[in-house]
Amino acid sequence: MRLNLLLLLLFYFAHGSVVPNVDQKILRGEFHDEGKFMVDYEDNSQNLTDYASRRSSDDDKITPEEQKRRGNDSTEVSEDDDSSDISEERERDSVDHQHLKSLTAIKPEKHQPVAGVINSAFNDRKTFSCPRIKTELLTGTNVGNISPEDITIIAAMGDALATGIGLWPNADIEFRGASFPIGGDSTIDGLITIPNILREFSPKLVGVSHGMGADLPNHQLNVAVTGATTEDLPDQARRLTRRLKKLSELDYHNEWIMIIITIGTEELCSRCEGPSYDNIRKAIEHLQIEIPKALVVLLGPVHVSSFHEQKSNLLKARCACSRDQTEGFMYDVSRKWSKVWRDVQKFVENGVTARPTFGMISYPMVTITSRYPSGLFIRDKPLLNRRGHNYATKWLWNRLIGGDLYNLSSATLSQDNYFCPSVGCPYFRTYENHKRCSTMSLQQAKEELIDINGTFTKPRRRSVRFLYNVAMVVIGAAFCAACLLGTFFYQKSKAGNHGRFEIVEEPQKKLEEAQKEEQKALLTRQNTRAQSEQATTPTGIQLAPIPVGRHKSFLGTINEGNPDV
């Protein structure tokens, strides 16, 4: 008996000396389909905070032994093995300044859009050094000058990409607090999501989602539904506006709201058809009527591809309706989605409900590239896993800040940093500042703009019709005045005794009047004398009355009727 106990003790101590040498990663669960290599995702988390506060594995450093082992096994790994993308990640706390210089080296004359200069970036709170501009520049007056600091409310609509289903390891539940469009668990040190980035600019961000489950409080503005299609968007828009009206933290009428709509991934995989334009338009029109100031980001289905074959969408092999189709089938379906997205964008810009304080940025596809793209999906589903959401966050944020110049053909999501707003155009890149972006200081705004309730807005521009009406009134008034004045001066000129342009001096005028009076008196005397002295001549000739001209001397006339004279 004692011998058996001794053997057991020896075996126990020997086993204890071996266990510490075992790779601890083997004892941890594999996160979804991250590949044949064990990844440092812990599935034995006790609560959401522990899980969310950890660094995602795509940003962790890899040990030399792991790199060597993966290098030896790289020839055995294929794209279908759902390999981990961790091998292509950079060090978390490093910022690639050389890459930023290459972005600023783009020549503006080769591109129609404004070339923004990206001179700083970040990976976490330690490296976050984006400048704050709202205290110096005029922002938030229209769609063309919205900065990240202006967004105080964030909301989400759409499908499973916004509900975060499957993001909690080994559980088919909705993890809305970790979804990239609306998740707000932890900070950017633990979860890289759009709201967590915005909270670095605007700490009092309202509407973010936390935790798990479908029934969230009304102040969490996530109305997305797993499995939703474009036909469900009008109902979601009405639910969102109802929640906004119940907000007690602030008045949404005076705040900028960012609404991220993720729709199409599940719809595309369920029927492989184009979206419903009418329903998307109804939803957007409802938001335009009910929400005064909003920036809508409309995202289509995901497009996950290899870095070397970017036109090939791995979503095709995960959709039942497209799995057996040709390679060009998915491309044709994608073109239908792109056409509808363009039409919706035109409606927002030029529709009957368009206004300067409501804008939209539409992306037909959530385009993600990777050297191991299969490792971005949840196993046997067309949905993105945790790393896929991280990549989607980076892609969307850099597109919002860099605009169309952020081209995935030259970008590497695993190595790119998160961009700070451009120096020359520190706003979200929308259609209003796509070709021309101008900034204005607050001091200049106070001098040139109108102050209404503490905000600065541009003076109301006159419409073309108004300008035409004013011109017609001015022309009519001028015509009437010309007629009246012309008639008056014409009648006055008729009563004058000299021409309009005749110059008459005062002394000459008086002399002429005196001469006229003298001649008139002389003629009167001559006529009187002629009448009183009429007589008969000795020959019996009767003298006729002597007519006198106005300016001639007195002359008698002979009666021509007497031939003897």
Result block: side-chain N/O donor-acceptor pairs under 3.5 angstrom for residues 282-296, not counting sequence neighbours:
unit_1 : atom_1 : unit_2 : atom_2 : d
H286   : NE2    : T241   : OG1    : 3.1
Q288   : OE1    : T353   : OG1    : 2.3
E290   : OE1    : K245   : NZ     : 3.4

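- For the pair I263/I280, no side-chain contact is recorded, criterion being any heavy-atom separation below 4.5 Å from C-beta on.
- Applying the side-chain contact (heavy atoms from CB on, under 4.5 Å) test to I133 and every residue at least two apart in sequence or in another chain returns L137, T139, S147, E149, P426, Y427.
- Residues I368 and L384 form a side-chain contact, since some pair of their non-hydrogen atoms from C-beta on lies under 4.5 Å apart.
- A search for side-chain contact (heavy atoms from CB on, under 4.5 Å) contacts involving N350 returns nothing, not counting sequence neighbours.
- With contacts defined as side-chain heavy-atom distances shorter than 4.5 Å, the pair S305/N313 does not qualify.
- One finds the CD1 atom of I361 at 9.5 Å from the CZ atom of R399 (value rounded to the nearest 0.5 Å).
- Within the model, atoms CZ of R429 and CD1 of I401 stand 9.5 Å from one another, a figure rounded to the nearest 0.5 Å.
- Between the D150 side chain and the G140 main chain, a donor and an acceptor come within less than 3.5 Å of each other.
- Around the CD atom of E518, the shell of radius 6.0 Å holds no more than 12 heavy atoms that belong to other residues, nucleotides or ligands.
- Under the ring-ring contact (aromatic ring centres under 6.0 Å, His included) criterion, F201 pairs with F128, W397, not counting sequence neighbours.
- Interatomic distance, Q310 CD to H303 NE2, rounded to the nearest 0.5 Å: 8.0 Å.
- Taking every heavy atom of both residues into account, L138 and A445 meet most closely at CD2-CB, 4.0 Å.
- Judged by distance alone, the side chain of T430 and the main-chain N or O of V143 form a donor-acceptor pair under 3.5 Å.
- Contacts of F347 classified as ring-ring contact (aromatic ring centres under 6.0 Å, His included), with partners at least two apart in sequence or in another chain: none.
- Counting heavy atoms of neighbouring residues, nucleotides and ligands inside a 6.0 Å radius, atom CZ of F329 exceeds 12 of them.
- In terms of heavy-atom proximity, V223 sits nearest to M157 at CG2-CG, 3.6 Å.
- Under the salt bridge (Lys or Arg N to Asp or Glu O under 4.0 Å) criterion, D232 pairs with no residue, sequence neighbours left out.
- Annotation: side chain of I260 is not in contact with side chain of I182 (no heavy-atom distance under 4.5 Å).
- Proximity of R239 to V225: side-chain heavy atoms (C-beta onward) are separated by under 4.5 Å at one or more points.
- Separation of atoms CG (N218) and NZ (K246) is listed at 5.0 Å; rounding is to 0.5 Å.
- For Q236 (side chain) and G158 (main-chain N/O), a donor-acceptor pair under 3.5 Å exists by modelled atom type.
- Closest approach of Y252 and I257 over heavy atoms only: CB-CD1, 4.1 Å.
- Using a distance-only test at 3.5 Å, with no hydrogens or angles considered, no donor-acceptor pair links the side chain of N145 to the main chain of T439.
- Not counting sequence neighbours, K336 has no partner by the salt bridge (Lys or Arg N to Asp or Glu O under 4.0 Å) test.
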Under the side chain to side chain contact (heavy atoms under 4.5 Å, CB included) rule, what do I194 and T393 come out as? Steps first, then yes or no, please. CA-CA 6 Å; I194 297 297; T393 302; 4.0 Å; yes
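- By the 4.5 Å heavy-atom criterion applied to side chains, L396 and Y363 are counted as neighbours.
- A distance of 6.0 Å or more separates the ring centres of W256 and F428.
- With sequence neighbours left out, the side-chain contact (heavy atoms from CB on, under 4.5 Å) criterion links N196 to I188, L191, T193, R199.
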Please step through side chain to side chain contact (heavy atoms under 4.5 Å, CB included) for the pair S179 and H389, ending with a clear verdict. CA-CA 7 Å; S179 64; H389 276 250; 4.1 Å; yes
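- Of the options R342, K346, Q345, a side-chain contact (heavy atoms from CB on, under 4.5 Å) to S362 is made by Q345 and by none of the others.
- Listed for the K394 side chain is a donor-acceptor partner under 3.5 Å among the backbone atoms of D416.
- Looking at residues two or more places apart in sequence or on another chain, you find no salt bridge (Lys or Arg N to Asp or Glu O under 4.0 Å) involving R132.
- Nearest heavy atoms, A162 versus P181: CA-CG, 4.1 Å.
- The side-chain heavy atoms of T262 and V366, taken from C-beta on, include no pair separated by under 4.5 Å.
- Between I153 and E255, the shortest heavy-atom contact is CD1-CB, 4.1 Å.
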Start with the C-alpha distance between S120 and S129, add both sets of side-chain angles, then the distance that settles side-chain hydrogen bond (donor to acceptor under 3.5 Å, both in side chains), and finish with yes or no. CA-CA 8 Å; S120 59; S129 60; 5.2 Å; no
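- With a 4.5 Å cut-off on side-chain heavy atoms, L247 and H219 count as touching.
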Decide side chain to side chain contact (heavy atoms under 4.5 Å, CB included) for M365 and S334; before the verdict, give the C-alpha distance in whole Å, the side-chain angles of both, and the deciding distance to 0.1 Å. CA-CA 8 Å; M365 296 287 169; S334 300; 3.2 Å; yes
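- Crowding of R355 atom CZ: a count of heavy atoms from other residues, nucleotides or ligands under 6.0 Å exceeding 12.
- Taken from OG1 in T141 to CE in M440, the straight-line distance is 8.5 Å, to the nearest 0.5 Å.
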Would you list the atom pairs, donor with acceptor, under 3.5 Å between side chains in residues 267-275 and any protein atom, with sequence neighbours excluded?
unit_1 : atom_1 : unit_2 : atom_2 : d
E267   : OE1    : T230   : N      : 2.9
E267   : OE1    : T230   : OG1    : 3.4
E267   : OE2    : T230   : OG1    : 3.1
E267   : OE2    : R271   : NH2    : 2.5
S270   : OG     : E266   : O      : 3.2
S270   : OG     : E267   : O      : 2.8
R271   : NH2    : E231   : OE1    : 3.0
R271   : NH2    : E231   : OE2    : 3.2

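- Nearest approach of L161 to V302, heavy atoms of both residues: CD1-CG1, 3.7 Å.
- Between the side chain of N398 and the backbone N or O of F419, at least one donor-acceptor pair lies under 3.5 Å.
- For D343, the side-chain contact (heavy atoms from CB on, under 4.5 Å) test picks out Y277, K339, with sequence neighbours left out.
- By the salt bridge (Lys or Arg N to Asp or Glu O under 4.0 Å) test, D278 pairs with no residue at all, sequence neighbours left out.
- Rounded to the nearest 0.5 angstrom, C425 SG and R436 CZ are separated by 11.0 Å.
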